[in-house]
Structure formats: structure tokens, C-alpha cells
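Single-structure report; data block below.
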Amino acid sequence: MCNCCQQDQQVETEKELKLKEVIGKFCNQRGALIPVLQAAQDIYGYLPKEVLIKISEDLNLPLSKVYGVVTFYAQFHLKPRGRHIIRVCLGTACHVRGGAKVLERIEKELGISDGSTTEDLRYTLESVACIGACGLAPVIMVGDDTHGRLEPEQIPEILEKYE
Ligand code: FES
């Protein structure tokens with residue numbers, strides 16, 4: 001039996017309670033780690049170190065294994081993410097049509113570099129390979145919204161729409 005089933009009840013935050021519930025649901029199942037990590041990331045928005053330690057303890061798995069899985073899969077994030085994820089396409093079609101200049105402009109506007117998050121957690125900026133809208137190159141996505149045929153000058157106006 002894993003440790004989570006033996007722990008005393010304590011006063012915990014809402015997130016901790018949710019996490020405990022998820023771990024409790026999966027803790028005696030094989031292959032629990034990935035679904036627990038996914039649920040934990042849904043709860044916290046990313047995977048803080050303390051959460052990984054708790055998961056490791058409660059699932060009776062070495063912390064090194066938990067980190068190994070988290071760092072292997074791109075879906076998991078060890079740092080807080082912004083409310084709006086900006087994906088700038090640097091695939092071939094977008095690159096040829098000025099994707100790098102669009103990225104540069106966004107970096108300048110936000111004061112962050114590719115792969116980073118603004119301090120106010122408003123935006124996370126990521127460059128990606130082709131997002132399947134080559135006809136609209138150069139393209140960015142903000143959340144689920146696609147913005148195509150972009151000129152760098154349009155960037156400030158687009159960013160303003162996302163609070
Ligand atoms: S290369 Fe950018 S959408 Fe295909």
C-alpha cells in the first residue's frame with residue numbers, strides 16, 4: 001500500500017486537497033505517474049518541485065524517475081506558465097516570410113526571450129516548428145487564436161487583446 005493511504009488528515013490548501021484526491025484515486029494503479037502529473041499540472045498550472053516530491057513520496061517512486069518523466073515529455077512544465085501562450089512559427093514557410101522578425105518584435109515588446117514567461121504571468125513565448133497554416137505565413141498563435149500574414153508592426157495591437 002502506498003504512503004498516501006496512511007497519512008493523517010491535515011489542514012491543506014484547496015490545491016493540495018485536489019492533488020491529494022488525484023493521488024488517492026491513482027495511487028494503487030500501475031502507470032499512475034503520467035495521469036497524476038497531468039492532473040497536478042492542471043491544478044497548479046505547472047509542476048512545482050514540492051508537488052513532484054509529494055507525488056514521488058505518495059506513489060512510492062524515486063524522485064529521479066518522476067523528474068525523468070517530467071523532463072522527457074514536452075507537455076510537462078517545471079516553471080510557471082503565462083495565461084496566454086504565444087507560439088511563433090519558425091517553420092520553413094514562416095521563416096522565409098519573416099517569422100524571425102515577428103519573434104524579435106514580440107521579444108522586444110514583452111521584454112522576454114523565446115522560451116520565457118513575463119513576470120506578471122501574462123504571456124509565455126515559445127517558438128515552434130510548422131503549425132500547419134503555411135498559407136498564412138508568417139503565423140503566430142496566441143492560445144487557440146491564429147494570426148497570419150503578419151508584419152512585425154501588427155504585434156503590439158495583437159498583444160493588447162490578451163489581458
Ligand atoms: S511553416 Fe509556419 S505554419 Fe507552416
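Both ligands and their constituent atoms are indexed starting at 1 by order of listing.
- Ring geometry for H84 versus Y162: interplanar angle over 60°, hence perpendicular rather than tilted (30 to 60°).
- Contact atoms of ligand 1 toward I131: 3 (S) (distance under 4.0 Å to a heavy atom of the residue).
- At least one N, O or S atom of C134, from either the backbone or the side chain, sits less than 2.8 Å from atom 4 (Fe) of ligand 1.
- Annotation: side chain of Y123 is not in contact with side chain of R83 (no heavy-atom distance under 4.5 Å).
- Under the 4.5 Å side-chain criterion, counting only non-hydrogen atoms from C-beta, I131 is not in contact with I140.
- Residue contact check: G132 has heavy atoms under 4.0 Å from atoms 3 (S) of ligand 1.
- With a 4.5 Å cut-off on side-chain heavy atoms, L159 and K161 do not count as touching.
- Interface atoms of ligand 1 facing A93, defined by a heavy-atom separation under 4.0 Å, are 1 (S).
- Seen from atom 2 (Fe) of ligand 1, atom SG of C94 and atom SG of C89 lie 100° apart in angle, a value rounded to 10°.
- Short contacts between ligand 1 and A133, defined as distances under 4.0 Å to a heavy atom of the residue, involve ligand atoms 3 (S).
- Although no hydrogens or angles enter the test, the distance criterion places a donor-acceptor pair under 3.5 Å between the side chain of T124 and the main chain of G82.
- Among the atoms of C130, an N, O or S atom falls under 2.8 Å of atom 4 (Fe) of ligand 1.
- Using a non-hydrogen distance threshold of 4.0 Å, A137 does not register as a contact of ligand 1.
- Side-chain contact between T71 and L78 is present, with at least one heavy-atom pair separated by less than 4.5 Å.
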